[in-house]
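The structure appears right after this line, and notes come after that.
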Amino acid sequence: MPKICLYCARYSFEPLEPTPLGNGYLAAYLVQQNIVTEDEILIAENIEEVLAFKPDILGISSVSQVINDAKRCALTCKEELGSLTILGGYHISGLPNKLPDEFDIGVIGEGEKTFAEIVELFKSKRLNNDTIEGVKGICYKNYKSEIIVNEKRELIKDLDILPFPRRPEKYLRERPIFTSRGCPYNCTFCASHSFWRNRYRLRSADSVVKEISWIVEHYKPELISIQDDLWMADKARFRKIVEMLDASGITREVGFIGMCRSNLMGEEEIMLFKKMNYQFIRFGGETGSDALLKRIKGKNISINDHQRVVDLCHKHNIRCSASFMAGVPGERVEDLKETIRFLRKNKGKININGYYFFNPVPGTELWESLKKENLIRDDFPFEKLMFNFLKDNFSWDNVMYFNEKNVPLKKFKKIVENIKREFIYRKPTKVKLLRRYAKNLLLKTRDILFKNFKFISEWKSY
Ligand code: B12
Ligand code: SF4
């Protein structure tokens with residue numbers, strides 16, 4: 001029986017949180033289809049765990065920024081164990097013609113059925129140059145070392161057929177869930193719509209509520225984070241999920257977080273989020289400039305939509321937050337100033353939850369247009385991308401910036417640093433510091449009690 005190990009490539013300097021679900025879906029699907037048993041498939045947290053498991057097949061999930069970690073892990077495993085190495089996730093799906101040498105096969109897009117087919121072939125010792133030609137949704141190197149990209153695989157029609165993803169058994173405060181795949185919008189900086197091939201598929205409300213109930217019962221988290229690109233775009237389903245959660249009492253046991261889009265938000269939606277015990281509303285603000293917003297997120301959204309959400313949250317006393325982005329090609333100084341005006345106008349009413357530096361990633365419209373302008377190539381040094389202005393590792397040295405002709409880097413840096421100073425790093429008061437300390441202490445005590453309580457209950461039943 002083949003032993004399979006799955007690993008999610010990561011930055012070495014920060015924990016991968018929340019736990020990614022992609023590998024969890026693959027593991028659960030192979031078990032559901034009786035291709036492997038639970039023990040034959042491991043989701044590893046680091047290279048040591050991978051090597052100790054001695055897998056016949058190593059599957060790695062990677063986004064572009066961490067592709068070097070994926071390559072490193074695959075190479076070590078290949079050299080030390082001779083495993084078959086497979087790469088899946090956003091990076092290879094955006095650049096299938098650039099399958100790195102460290103990998104035998106790349107899986108493009110949705111992975112469950114494709115991975116299952118590869119493992120079946122491997123298991124029956126029929127994975128060879130001839131059979132691989134017939135596997136849809138992959139890229140691979142043929143015997144002449146040419147990269148071949150096979151025909152696309154059909155997407156799964158009904159997401160409800162998928163099992164719940166495998167999750168780590170330890171206590172985690174926050175548990176992620178996926179209720180849909182894809183997004184109905186086409187933002188120019190986002191890879192989601194090309195990755196999911198412009199299809200927006202939703203799980204049924206029944207299936208979603210069943211998984212949430214299971215998570216709450218089994219893991220007792222404080223928070224469930226809905227990881228979808230946009231889970232509330234289908235209003236009827238949104239309403240039904242909230243009604244069902246409320247009726248079952250789950251909304252009194254656990255809080256929720258997740259993204260929304262401002263043009264879809266009115267009074268009814270805010271009230272539904274409140275009923276659902278949403279901890280705060282979060283939307284992709286990106287900018288305070290109407291012209292830039294329309295250019296990158298589409299004509300159907302405007303700054304008035306952002307404003308309406310802020311005002312409604314204020315009126316209904318629910319915390320409001322948005323993520324912003326800067327450095328998009330075409331952004332002018334005026335656009336940055338409008339962002340500052342928007343933030344000033346809403347000071348105290350909105351919290352900046354994520355301040356991102358524009359990164360070009362394969363599979364996006366902006367990636368293609370920068371390529372046309374010869375500003376980037378497919379062999380781009382992805383590891384050099386700095387994504388988040390607020391992360392400890394962010395540094396202005398050697399940043400990759402693509403908007404020099406509209407806003408020179410020196411000026412851009414000054415404006416961004418000013419925004420950070422004025423709207424993000426406000427010096428906490430003594431009361432706030434004390435409150436933060438007390439909260440951390442309580443959380444730590446709760447974690448210790450939880451662990452011991454679990455131990456005691458397991459011991460008793462034994
Ligand atoms: C949750 C999430 C996170 C989580 C978990 C990360 C993770 N790797 O899953 C956190 C918060 C940690 C995170 C961080 C980052 N993220 Co993120 N994240 C997402 C988000 C919202 C959902 C991912 C997800 O769980 N999808 C659902 C599952 C079912 O899909 P999946 O993981 O893609 O897996 C399926 C297929 O891809 C395939 N597959 C995947 N892996 C493998 C492996 C094998 C062997 C096979 C066969 C198949 C296969 O099969 C799976 C099942 O169908 C996506 C947007 C989105 N909606 O997908 C962005 C997204 C993936 N993130 C992105 C980015 C840029 C990042 C960061 C680099 C940002 C940063 N802070 O620097 C980091 C990188 C950290 C890291 N090491 O992964 C980009 C990637 C763009 C790109 N082309 O590379 C996305 C697409 C956002 C976007 N819209 O642009 N992210
Ligand atoms: S940024 Fe959000 S709304 Fe825009 S396409 Fe991506 S997931 Fe959809």
Side-chain angles (χ1 to χ4, degrees), residues 4-12 14-30 57-67 69-70 74 85-95 103 105-119 137-138 155-156 159 162 165 176-178 180-196 198 200 225-231 233 258-264 283-284 286 296-298 301 323 325 354 356-357 359-365 367 382 385-388 390-391 393-394:
I4 300 166
C5 188
L6 297 171
Y7 172 70
C8 187
R10 62 200 67 201
Y11 293 118
S12 54
E14 63 178 5
L16 196 50
E17 279 168 4
T19 334
L21 289 183
N23 283 340
Y25 267 110
L26 297 175
Y29 188 73
L30 290 191
I57 302 178
L58 169 66
I60 301 188
S61 179
S62 183
V63 299
S64 298
Q65 283 86 340
V66 292
I67 189 68
D69 182 45
T85 51
I86 305 179
L87 176 64
Y90 270 79
H91 181 73
I92 190 62
S93 304
L95 286 177
F103 291 92
I105 303 175
V107 169
I108 306 163
E110 191 161 70
E112 286 87 351
K113 291 201 166 178
T114 312
F115 194 46
E117 193 175 331
I118 299 170
V119 176
I138 62 164
L155 295 172
I156 296 167
L159 292 180
L162 290 173
I177 184 171
F178 243 83
S180 65
R181 287 186 177 177
C183 171
Y185 293 99
N186 283 293
C187 302
T188 56
F189 55 88
C190 173
S192 176
H193 46 99
S194 72
F195 183 86
W196 297 114
N198 292 316
Y200 185 45
S225 64
I226 304 180
Q227 295 281 311
D228 311 28
D229 290 324
L230 192 60
W231 76 277
M259 287 295 273
C260 58
R261 205 176 132 111
S262 67
N263 59 313
L264 296 175
F283 63 92
E286 323 304 354
I296 59 175
K297 292 201 86 157
I301 190 165
S323 54
M325 185 168 65
Y356 301 114
F357 190 12
N359 275 187
V361 283
T364 63
E365 204 180 309
W367 171 267
F382 294 102
L385 289 173
M386 289 278 167
F387 184 69
N388 195 334
L390 308 179
K391 284 271 156 82
N393 73 316
F394 184 84

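In listed order, ligands and their atoms are each counted from 1. Keep in mind it's a predicted model, so treat the numbers as computed, not measured.
Here the heavy atom of the protein found nearest to atom 32 (O) of ligand 1 is Gly22 CA, 3.5 Å. Looking only at protein heavy atoms, the nearest one to atom 8 (N) of ligand 1 is Cys8 SG, 3.4 Å. The protein heavy-atom contact nearest to atom 45 (C) of ligand 1 is Gly59 CA, 3.4 Å. The protein atom (non-hydrogen) at minimum distance from atom 8 (Fe) of ligand 2 is Cys183 SG, 2.2 Å. Taking atom 82 (C) of ligand 1 as the reference point, the nearest protein heavy-atom neighbour is Tyr90 CB, 3.7 Å. The closest protein non-hydrogen atom to atom 4 (Fe) of ligand 2 is Cys187 SG, 2.3 Å. The protein heavy atom nearest to atom 63 (C) of ligand 1 is Val63 CG1, 4.2 Å. When only non-hydrogen protein atoms are considered, atom 72 (O) of ligand 1 lies nearest to Tyr11 OH, 3.0 Å. Of the protein's non-hydrogen atoms, Pro20 CB, 3.6 Å is the one closest to atom 7 (C) of ligand 1. Of all protein heavy atoms, the one lying nearest to atom 2 (C) of ligand 1 is Gln227 OE1, 3.8 Å. Of the protein's heavy atoms, Asp229 CB, 3.3 Å lies nearest to atom 7 (S) of ligand 2.
Distance check on atom 47 (C) of ligand 1: some protein heavy atom falls below the 4.0 Å cut-off. In this structure, atom 15 (C) of ligand 1 is not in close contact with the protein, since no protein heavy atom lies within 4.0 Å of it. Protein heavy atoms are found inside the 4.0 Å sphere centred on atom 40 (C) of ligand 1. For atom 2 (Fe) of ligand 2, no protein heavy-atom neighbour is found at a distance under 4.0 Å. Checking atom 68 (C) of ligand 1 against the protein gives a heavy-atom contact under 4.0 Å. Under the 4.0 angstrom criterion, atom 52 (C) of ligand 1 counts as having a protein heavy-atom contact. Atom 20 (C) of ligand 1 is not flagged as protein-proximal [any protein heavy atom, distance under 4.0 Å]. Within a 4.0 Å radius of atom 59 (C) of ligand 1, the protein has no heavy atom. There is a protein heavy atom closer than 4.0 angstrom to atom 90 (O) of ligand 1.
Residue contacts with ligand 2 for Met259 are absent, since no atom lies close enough (heavy atoms, distance under 4.0 Å). Within the 4.0 Å heavy-atom criterion, the part of Arg181 lying near ligand 1 is the side chain and not the backbone. Only side-chain heavy atoms of Cys190 come within less than 4.0 Å of ligand 2; its backbone N, CA, C and O stay farther off. Using a 4.0 Å cut-off between heavy atoms, Leu26 contacts ligand 1 through its side chain alone, with no backbone atom that close.
Counting only distance, with no hydrogens or angles, the side chain of Tyr200 and the backbone of Leu230 share a donor-acceptor pair below 3.5 Å. Within the 3.5 Å criterion, the main-chain N or O of Tyr185 finds no donor-acceptor partner in the side chain of His193. No donor-acceptor distance shorter than 3.5 angstrom exists from the side chain of Thr364 to the backbone of Phe189, with no hydrogens or angles considered. At distances below 3.5 Å, at least one donor-acceptor pair connects side-chain atoms of Lys297 with backbone N or O atoms of Gly284.
When each atom of ligand 1 is checked for a heavy atom of Pro18 under 4.0 Å away, the hits are 5 (C), 11 (C). The contact set between ligand 1 and Cys190, taken as ligand atoms under 4.0 Å from a residue heavy atom, comprises 89 (N). Of all atoms in ligand 1, numbered sequentially from 1 with element shown, those under 4.0 Å from a heavy atom of Asp229 are 55 (C), 56 (C), 57 (N). Atoms of ligand 1 found under 4.0 Å from any heavy atom of Phe115 (numbered from 1 in listed order, with element): 47 (C). Less than 4.0 angstrom separates some heavy atom of Phe195 from each of these atoms of ligand 1: 33 (O), 36 (C), 37 (O). Counting the atoms of ligand 1 from 1 in the order shown, those under 4.0 Å from a heavy atom of Glu110 are 53 (O). Interface of Gly109 with ligand 1, defined as ligand atoms under 4.0 Å from a residue heavy atom, comprises 36 (C), 37 (O), 38 (C). Residue contact check: Gly89 has heavy atoms under 4.0 Å from atoms 37 (O), 39 (N), 40 (C), 41 (N), 42 (C), 49 (C) of ligand 1.
When side chains are defined from C-beta on, Ser64 does not count as touching Leu385, because their heavy atoms never get closer than 4.5 Å. Leu26 has its side chain out of reach of Ile4: every pair of non-hydrogen atoms, C-beta onward, lies at least 4.5 Å apart. Looking at heavy atoms from C-beta onward, Phe357 lies in side-chain contact with Phe394 at the 4.5 angstrom threshold.
Taking a 4.0 Å cut-off on heavy atoms, Ala191 registers as neighbouring ligand 1. In this structure, Pro362 counts as a contact residue of ligand 1, since one of its heavy atoms falls inside 4.0 Å of the ligand.
For the pair Tyr25 and ligand 1, the shortest N or O to N or O distance does not fall below 3.5 Å. Below 3.5 Å of separation, one finds no N or O of Asn23 facing any N or O of ligand 1. Taking distance alone, with nitrogen or oxygen atoms compared against 3.5 Å, Glu112 approaches ligand 1 more closely than that limit. For the pair Val66 and ligand 1, the shortest N or O to N or O distance does not fall below 3.5 Å.
Between the side chains of Asp69 and Tyr7, at least one donor-acceptor pair of N or O atoms lies under 3.5 Å.
Between Phe195 and Tyr90, the ring planes are parallel. Angles under 30° get that label, and only those over 60° would be called perpendicular. Ring-plane geometry between His91 and Phe382 is classed as perpendicular, the angle between the planes exceeding 60 degrees on a 0 to 90 degree scale with a lower cut at 30.
Only one option out of Asp229, Asn186, Asn198 pairs with Ser192 in a side chain to side chain donor-acceptor pair (under 3.5 Å); it is Asp229.
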